[in-house]
Enquirer: 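I'd like to ask you about the structure that follows.
Each residue takes its place number in the sequence, starting with 1. None of the values given here were measured: they were computed from a predicted structure.
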Amino acid sequence: MDTAPRPVGELTYRDAAAADVEAVVALVESAYRGDSSRAGWTTEADILEGQRTDPRGVLDVIETPGSRLLMVERDGGLVACCQLEHRGEAAYFGMFAVRPGAQGGGLGRRILTEAERTAREAWGVGEMQMTVISVREDLIAWYERRGYRRTGKLFPFPYGDERFGIPQRDDLAFELLVKRLA
């Protein structure tokens, strides 16, 4: 599999390396937690406090066979990232983060499309899967507009495991969303 940077418009996609861990953690945290995340629309600051990820979690994604962490750069700076994991006939999409100040202009849609293409071409998968916190109706609606469908299959939120954040409500669960890839 070719891991050389590949320009797509003004964006460059490449696989993350161990040296990128701190930058990825900072990006993911800025997109989902704390006041900085409120500059974008993907914030989870009202439902979760604490961390969204940590260096070990990011390094695990980078080092796990069948897993890729795509870095998305513009003008040499990190603007987004996402995880792809090969799971048989499907790929899992996760750890999707876009810098808060860059959200809302179509960048996320472009990156999601590229991630779907990458998974299809690299692994020949016919489906993309992801889990989204079920109370994130605006985010789920965004994915539905991109062809994902809710399955109704829920997975418990890991209450008590602060690696995933500190819940501010007691009704959190992850819902599986899927999309057939052409």
Enquirer: Please report the closest heavy-atom contact between Ser134 and Asp171, naming both atoms and the distance.
Expert: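 For Ser134 and Asp171, the tightest heavy-atom pair comes out as OG-O, 4.4 Å.
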Enquirer: Between Asp20 and Ala17, is there a donor-acceptor pair closer than 3.5 Å when you use the side chain of the first and the backbone of the second?
Expert: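 The answer is yes, because a donor-acceptor pair under 3.5 Å joins these two groups.
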Enquirer: Going through the distances and angles, do Arg163 and Asp161 end up as a salt bridge (Lys or Arg N to Asp or Glu O under 4.0 Å)?
Expert: CA-CA 5 Å; Arg163 291 178 303 158; Asp161 188 343; 2.6 Å; yes
Enquirer: Where do Gly57 and Met95 come nearest, in terms of heavy atoms and distance?
Expert: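 Gly57 and Met95 have their closest heavy atoms at O-CE, 4.5 Å.
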Enquirer: In Å and rounded to the nearest 0.5 Å, what is the OH to CD distance from Tyr148 to Gln129?
Expert: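 Tyr148 atom OH to Gln129 atom CD measures 10.0 Å (nearest 0.5 Å).
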Enquirer: Enumerate the side chain to side chain donor-acceptor pair (under 3.5 Å) contacts for residues 73-82, please, sequence neighbours excluded, ordered by first and then second residue.
Expert: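 Of all non-adjacent pairs touching residues 73-82, those that pass side chain to side chain donor-acceptor pair (under 3.5 Å) are Glu10-Arg74, Arg14-Glu73.
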Enquirer: Please examine the side chains of Leu70 and Cys81, heavy atoms only from C-beta on, and report whether any two atoms are closer than 4.5 Å.
Expert: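 Counting from C-beta outward, Cys81 and Leu70 never come under 4.5 Å.
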Enquirer: Just by distance, do the side chain of Arg68 and the backbone of Glu85 share a donor-acceptor pair under 3.5 Å?
Expert: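 Answer holds: no.
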Enquirer: Is there a side-chain contact between Leu177 and Thr151, using heavy atoms and a 4.5 Å cut-off?
Expert: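 Counting from C-beta outward, Leu177 and Thr151 never come under 4.5 Å.
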Enquirer: Where is the tightest heavy-atom contact between Leu107 and Ala102, given as atom of each residue plus distance?
Expert: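 The pair with the smallest heavy-atom distance is CD2-CB, 3.9 Å.
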Enquirer: Could you list all the side chain to side chain donor-acceptor pair (under 3.5 Å) pairs where at least one residue sits in residues 172-182, not counting sequence neighbours?
Expert: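 The answer is Glu116-Lys179, Arg150-Glu175.
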Enquirer: Would you mind reporting whether Gln51 and Glu162 have side-chain heavy atoms less than 4.5 Å apart?
Expert: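 Answer no - side chains too far apart.
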Enquirer: Mark yes or no for whether Glu144, through its side chain, and Arg149, through its backbone, hold a donor-acceptor pair below 3.5 Å.
Expert: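 The answer is no, because no donor-acceptor pair under 3.5 Å joins these two groups.
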Enquirer: Determine whether Met71 and Tyr13 satisfy the following criterion, side chain to side chain contact (heavy atoms under 4.5 Å, CB included), listing intermediate values before the conclusion.
Expert: CA-CA 6 Å; Met71 304 270 293; Tyr13 295 80; over 6 Å; no
Enquirer: Ala45: which residues meet the side chain to side chain contact (heavy atoms under 4.5 Å, CB included) condition with it, sequence neighbours left out?
Expert: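 Result, side chain to side chain contact (heavy atoms under 4.5 Å, CB included) vs Ala45: Ser37, Arg38, Thr43.
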Enquirer: Considering residues at least two apart in sequence or located in another chain, which fulfil the side chain to side chain contact (heavy atoms under 4.5 Å, CB included) criterion with Arg145?
Expert: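 Ala141, Trp142.
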Enquirer: Hey, is the main chain of Ile166 close enough, under 3.5 Å, to the side chain of Gln168 for a donor-acceptor pair?
Expert: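 Yes, the answer is positive, given that a donor and an acceptor are paired below the 3.5 Å cut-off.
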Enquirer: Quick one: do Arg120 and Glu127 make a salt bridge, cutoff under 4.0 Å?
Expert: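 No, no charged N to carboxylate O under 4.0 Å.
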Enquirer: With a 3.5 Å distance limit and no angle check, can you tell me whether Glu29 reaches the backbone of Arg52 through a side-chain donor-acceptor pair?
Expert: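 Side chain of Glu29 to backbone of Arg52: a pair is present.
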Enquirer: Nearest 0.5 Å, please: how far is CG in Leu59 from CD in Glu22?
Expert: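 Between Glu22 CD and Leu59 CG, I get 10.0 Å after rounding to 0.5 Å.
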Enquirer: Are any of the side-chain heavy atoms of Thr118 and Leu84 separated by less than 4.5 Å?
Expert: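 Yes. Closest side-chain heavy atoms under 4.5 Å.
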Enquirer: Is the CD atom of Glu89 crowded by more than 12 outside heavy atoms at less than 6.0 Å?
Expert: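 No - once you tally the heavy atoms of other residues, nucleotides and ligands closer than 6.0 Å, there are 12 at most.
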Enquirer: Check step by step if salt bridge (Lys or Arg N to Asp or Glu O under 4.0 Å) holds for Arg110 and Glu114.
Expert: CA-CA 6 Å; Arg110 288 179 59 195; Glu114 177 65 9; over 6 Å; no
Enquirer: Looking at residues at least two apart in the chain, or sitting in another chain, which of them share a side chain to side chain contact (heavy atoms under 4.5 Å, CB included) with Ala91?
Expert: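 With sequence neighbours excluded, Ala91 shows a side chain to side chain contact (heavy atoms under 4.5 Å, CB included) to Ala119, Trp123, Val125, Met128, given in chain and number order.
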Enquirer: Given Glu44 and Arg33, is the salt bridge (Lys or Arg N to Asp or Glu O under 4.0 Å) satisfied, shown in steps?
Expert: CA-CA 6 Å; Glu44 295 172 345; Arg33 298 290 197 275; 2.5 Å; yes
Enquirer: Report the C-alpha distance between Ile111 and Phe96 in whole Å, list the side-chain angles of each, state the deciding distance to 0.1 Å, and finish with yes or no for side chain to side chain contact (heavy atoms under 4.5 Å, CB included).
Expert: CA-CA 9 Å; Ile111 294 164; Phe96 188 28; 3.6 Å; yes
Enquirer: Would you give the length of the straight line joining atom CG of Leu78 to atom OG of Ser30, rounded to the nearest 0.5 angstrom?
Expert: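 OG of Ser30 is found 9.0 Å from CG of Leu78.
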Enquirer: My understanding is that a hydrophobic cluster links ILVMFWY residues whose side chain heavy atoms are under 4.5 Å apart, including indirect links. Using that, what else belongs to the cluster containing Phe155?
Expert: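 Under the 4.5 Å side-chain rule, Phe155 groups with Ile47, Leu48, Ile133, Val135, Phe157, Tyr159, Phe164, Leu172, Phe174, Leu176, Val178.
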Enquirer: In the structure I gave you, are the side-chain heavy atoms of Thr12 and Val72 within less than 4.5 Å of one another anywhere?
Expert: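 When only atoms from C-beta onward are counted, Val72 and Thr12 do not touch, as no gap falls below 4.5 Å.
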Enquirer: Do Leu112 and Phe93 come close enough that some side-chain heavy atom pair is under 4.5 Å?
Expert: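 A side-chain contact under 4.5 Å exists here.
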Enquirer: Are side-chain heavy atoms of Asp60 and Arg56 found at a separation under 4.5 Å?
Expert: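 Touching, per the 4.5 Å side-chain cut-off.
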Enquirer: Does the side chain of Tyr92 come under 3.5 Å of the side chain of Thr131 through a donor N or O and an acceptor N or O?
Expert: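 Distance-only check passes for Tyr92 and Thr131.
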Enquirer: Taking the side chain as C-beta and beyond, is there a heavy-atom pair between His86 and Ser67 under 4.5 Å?
Expert: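 No - every pair of side-chain heavy atoms lies 4.5 Å or more apart.
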